[in-house]
Participant: 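Here you go, one structure.
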Amino acid sequence: QVQLVESGGGLVQVGGSLRLSCVTSGRTFSSSSMAWFRQAPGKAREFVAVIRWSAGITYYANSVKGRFTISRDNAKNTVYLQMTSLKAEDTAVYYCAADPNARGNVYAEVSYEYWGQGTQVTVSS
């Protein structure tokens with residue numbers, strides 16, 4: 001019943017932009033930490049960005065800071081990841097995740113109870 005569904009992935013040129021969405025259902029996530037992770041080919045899944053229940057509190061991986069923006073619209077049960085100035089190394093499957101219990105380490109996969117299936121982002125040169 002609880003679902004996180006990502007969308008918005010696709011093929012984009014280097015330097016381009018893409019906006020990912022994660023629509024949640026089955027429960028309220030308005031007070032949850034919501035995060036984006038990604039997994040590139042042959043690499044482990046890594047943290048990308050997180051937004052706390054307060055929209056003003058966000059954290060980003062150094063590799064995307066200044067290029068990506070995470071936001072949420074609680075009324076729409078949706079979290080977004082706006083990606084700009086995309087690089088080839090941004091190519092990955094992007095996953096959204098939710099931590100309704102607000103666990104301590106927002107960078108760790110284990111902190112997140114709910115996960116989406118992922119959406120593929122491919123950045124071509």
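As the structure is a computational prediction, the values presented were derived from the model and not from experiment.
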Participant: Would you say the side-chain atoms of S33 and R52 include a donor-acceptor pair closer than 3.5 Å?
Facilitator: yes
Participant: Under 4.5 Å between side-chain heavy atoms, hopping through other hydrophobics if needed: is there a path connecting L20 to L86?
Facilitator: yes
Participant: Are V12 and W36 connected, step by step, through hydrophobic side chains (Ile, Leu, Val, Met, Phe, Trp, Tyr) whose heavy atoms are closer than 4.5 Å?
Facilitator: yes
Participant: In the single-linkage hydrophobic clustering (I, L, V, M, F, W, Y; side-chain heavy atoms under 4.5 Å), do L18 and V14 co-cluster?
Facilitator: yes
Participant: Quick check for you: to the nearest 0.5 Å, what is the distance between Q1 atom CD and S25 atom OG?
Facilitator: 8.0 Å
Participant: So which atom in S17 and which in Q82 form the shortest heavy-atom distance, rounded to 0.1 Å?
Facilitator: CB-NE2, 4.1 Å
Participant: Measuring from R38:CZ to E89:CD, what's the distance to the nearest 0.5 Å?
Facilitator: 8.0 Å
Participant: Rounded at 0.5 Å granularity, tell me how far OG in S30 sits from CG in D73.
Facilitator: 11.5 Å
Participant: CZ of R19 to OG of S7: how many Å apart, nearest 0.5 Å?
Facilitator: 9.5 Å
Participant: Between V23 and K76, does the side chain to side chain contact (heavy atoms under 4.5 Å, CB included) criterion hold? Intermediate values first, please.
Facilitator: CA-CA 8 Å; V23 179; K76 296 180 179 179; over 6 Å; no
Participant: After noting the C-alpha distance and the side-chain angles of Y95 and L4, does the key distance pass the side chain to side chain contact (heavy atoms under 4.5 Å, CB included) rule?
Facilitator: CA-CA 9 Å; Y95 301 88; L4 280 66; over 6 Å; no
Participant: Any idea which heavy atoms bring V123 and D90 closest together, and the distance?
Facilitator: CG2-CB, 4.2 Å
Participant: Just by distance, no angles: are the side chains of S124 and Q13 close enough, under 3.5 Å, to form a donor-acceptor pair?
Facilitator: yes
Participant: Starting from I57, can I reach Y112 by hopping between I/L/V/M/F/W/Y residues whose side chains sit under 4.5 Å apart?
Facilitator: yes
Participant: Report the relative orientation of the aromatic rings in Y94 and F68; use parallel for angles under 30°, tilted for 30 to 60°, perpendicular for over 60°.
Facilitator: tilted
Participant: Name the one of D99, N74, V2, N77 that satisfies side-chain contact (heavy atoms from CB on, under 4.5 Å) with F29?
Facilitator: V2
Participant: Which of these passes ring pair (Phe, Tyr, Trp, His ring centres under 6.0 Å) with F47: Y59, F37, Y60?
Facilitator: F37
Participant: With a 4.5 Å cut-off on side-chain heavy-atom distances among I, L, V, M, F, W and Y, is there a chain of contacts connecting V5 to I70?
Facilitator: no
Participant: Do R27 and Y114 have side chains that approach each other closer than 4.5 Å (heavy atoms only, starting at C-beta)?
Facilitator: yes
Participant: With rounding to the nearest 0.5 angstrom, report the OG to CG distance, S32 to N101.
Facilitator: 8.0 Å
